[in-house]
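A short write-up of the structure that comes next.
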Amino acid sequence: MARNVVISGGGTGIGLAAARVFAAGGDRVLLLGRRAEVLEKAEVPGALTYAADLADPEDVRGVAAFVERELGAVDVLVHSAGGSGLLEPEAPEGDALAAVAHTWNVNFRLNTLTAVLLTEALKPRLAEPGGRVLFLSSIAAYRGSGSGAYAASKAGLHPYAHDLARELGPRGITVNVVAPGYIEDTEFFGDAMAEDRRDRLIGETSNGRAGTPGDVAETLHWLASPGAGHITSQIIQVNGGAERGR
């Protein structure tokens, strides 16, 4: 039976790969993102699209109304929207403390607030039993990210997911987190990565290769399957062994 799958950040990278995997399995997919032109170019058979800033409560209310109108229930909710702020205005110059505040606010807005607002707005529409909520974290949540802001914003999803799993468990809904390592072919890393950094990241893996959006998409698809119905409140790392399980 076809399921209704909502994917934020569904126009590129991991979100797009996940959309294609779910669609290939016969599910109906709704792609969310800020850039309508990117969503419209996504090649996902039969997908619906809705452009919204998921850090804006009014935009998220619009998403919820669209979902109620077009889908009714949500069987699978995948949070792939996020980033380190490459599409955001640059931090103010000449004021180091203001620059720090800007960086941390941007990262928490993009990676934490977007996921929380969308989840809370769609919580009443999650299918029960059998609903699935899936968050995208990062290996940075375990290791740090340089400035700390991106890593902290991703790590912030972990306790939220644990609380949500306890809240939604009685309704037969599971909540899990997938934490990828280095994934090629995404906007996050882009085309400008230095070759020595790429070699270092691949060298940290046990299997000697970079991850792909498809690796993460297949993990999300499995966690959304009936076979994963007793898995909840877990953080699944997809990093080729670059960071050991914990």
After noting the C-alpha distance and the side-chain angles of T119 and V175, does the key distance pass the side-chain contact (heavy atoms from CB on, under 4.5 Å) rule? CA-CA 11 Å; T119 300; V175 182; over 6 Å; no
Pair H79-L32, side-chain contact (heavy atoms from CB on, under 4.5 Å): steps then yes or no: CA-CA 10 Å; H79 295 283; L32 304 176; over 6 Å; no
How long is the straight-line distance from [atom2] of [Y] back to [atom1] of [X], given to the nearest 0.5 Å?
{"X": "L126", "Y": "I173", "atom1": "CG", "atom2": "CD1", "result": "4.5 Å"}
{"X": "T219", "Y": "Q237", "atom1": "OG1", "atom2": "CD", "result": "11.5 Å"}
{"X": "Y182", "Y": "R198", "atom1": "OH", "atom2": "CZ", "result": "5.0 Å"}
{"X": "K123", "Y": "R171", "atom1": "NZ", "atom2": "CZ", "result": "8.0 Å"}
{"X": "L97", "Y": "H102", "atom1": "CG", "atom2": "NE2", "result": "13.5 Å"}
{"X": "T114", "Y": "D56", "atom1": "OG1", "atom2": "CG", "result": "12.0 Å"}

Side chains of [X] and [Y]: closer than 4.5 Å at any heavy-atom pair?
{"X": "R20", "Y": "V44", "value": "yes"}
{"X": "V63", "Y": "V6", "value": "no"}
{"X": "D215", "Y": "R209", "value": "yes"}
{"X": "V38", "Y": "T12", "value": "yes"}
{"X": "L220", "Y": "L136", "value": "yes"}
{"X": "H158", "Y": "Y142", "value": "yes"}
{"X": "L223", "Y": "R132", "value": "no"}

[X] and [Y]: which non-hydrogen atoms are nearest, and at how many Å?
{"X": "S137", "Y": "V177", "answer": "CB-CG1, 3.4 Å"}
{"X": "A165", "Y": "T232", "answer": "CB-OG1, 3.6 Å"}
{"X": "T212", "Y": "I183", "answer": "C-CG2, 3.5 Å"}
{"X": "S8", "Y": "L118", "answer": "CB-CD2, 4.0 Å"}

Can you check side-chain contact (heavy atoms from CB on, under 4.5 Å) on L77 and R125, steps first, answer last? CA-CA 10 Å; L77 175 57; R125 310 228 66 81; over 6 Å; no
Using a strict cut-off of less than 4.0 Å between a Lys/Arg side-chain nitrogen and an Asp/Glu carboxylate oxygen, indicate whether K41 and E37 qualify as a salt bridge.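 A salt bridge is absent here (no side-chain N lies under 4.0 Å from a carboxylate O).
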Taking I7 as the starting point, is it possible to reach W222 by hopping between hydrophobic residues whose side chains are less than 4.5 Å apart?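 Yes, W222 connects to I7 through the hydrophobic network.
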Shared hydrophobic cluster for V60 and V67 (ILVMFWY, side-chain gaps under 4.5 Å):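 V60 clusters together with V67.
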Aromatic ring pairing F66/Y50, orientation class (parallel under 30°, perpendicular over 60°, tilted between):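 F66 and Y50: tilted rings.
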Where the side chain of T49 meets the backbone of L31, is there a donor-acceptor pair that is under 3.5 Å apart?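 Answer holds: no.
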Any donor-acceptor pair under 3.5 Å from D75 side chain to N4 backbone: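 Looks like yes, one N/O pair under 3.5 Å.
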Go through the steps for I14 and V178 under the test side-chain contact (heavy atoms from CB on, under 4.5 Å), then give the verdict. CA-CA 11 Å; I14 292 170; V178 175; over 6 Å; no
